[in-house]
Every structure is written in C-alpha cells, then in structure tokens.
Amino acid sequence: MTAHEYYLEGNEHRRKGNFAAAMNCYSEAIRLDGNSPAAEARQMLENIMNFYCKDYYNP
C-alpha cells in the first residue's frame, strides 16, 4: 500500500471510532512519506485522545 492509501484507511477507521487502528495507519503512512497529511491527522488524533482518553493511547 502507498502512504496515501494508509492515510485514507486511517480516516475510515477514525470515522468508525477505531482510534487505535487509525493511529497505526497514520503512523505507517508517515513512515512511508514524511510529508503525508497523515502527520497532521495523527497529531490531531493524539491531541483528542490525550484530552478525552488519557489512558486509551499510551505511547
């Protein structure tokens, strides 16, 4: 898969509320392309999860 495909898959997981899977997809997209929009999406999702669910995502 390409970085863009991982980014789109991450968006689908996020819409369904599966934040852990979304983070994994965004991370893979960033690994493949450091300039991917997944970097911003991952940061926004991290901010949301840190605000609402401090124990849900533990880096």
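Residue numbers count from 1 along this sequence.
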(Q) Is it the case that the side chains of Y6 and N24 hold a donor-acceptor pair, with the cut-off being a distance below 3.5 Å and no angle test? (A) no

Q: Quick one: closest heavy-atom pair of T2 and L32, and the distance?
A: C-CD1, 4.0 Å

Q: To the nearest 0.5 angstrom, please state how far the CG atom of N11 sits from the CG atom of L45.
A: 10.0 Å

Q. Given side chains that start at C-beta, do those of M1 and E9 come closer than 4.5 Å, heavy atoms only?
A. yes

**Q.** side chain to side chain contact (heavy atoms under 4.5 Å, CB included) partners for E40, two or more places apart
**A.** M44

**Q.** Closest heavy-atom pair and its distance - A38, Y26
**A.** CB-O, 3.8 Å

Q.
To the closest 0.5 Å, what do you measure between CZ (F19) and CD1 (I48)?
A. 6.5 Å

**Q.** Qualifying residue, where the test is side chain to side chain contact (heavy atoms under 4.5 Å, CB included) with R42 and the options are P37, S36, S27
**A.** S27

Q) How close do A22 and H13 get, heavy atom to heavy atom, and via which atoms? A) N-CB, 3.7 Å

Q) Nearest 0.5 Å, what's the SG-CD1 distance between C25 and I30? A) 11.0 Å

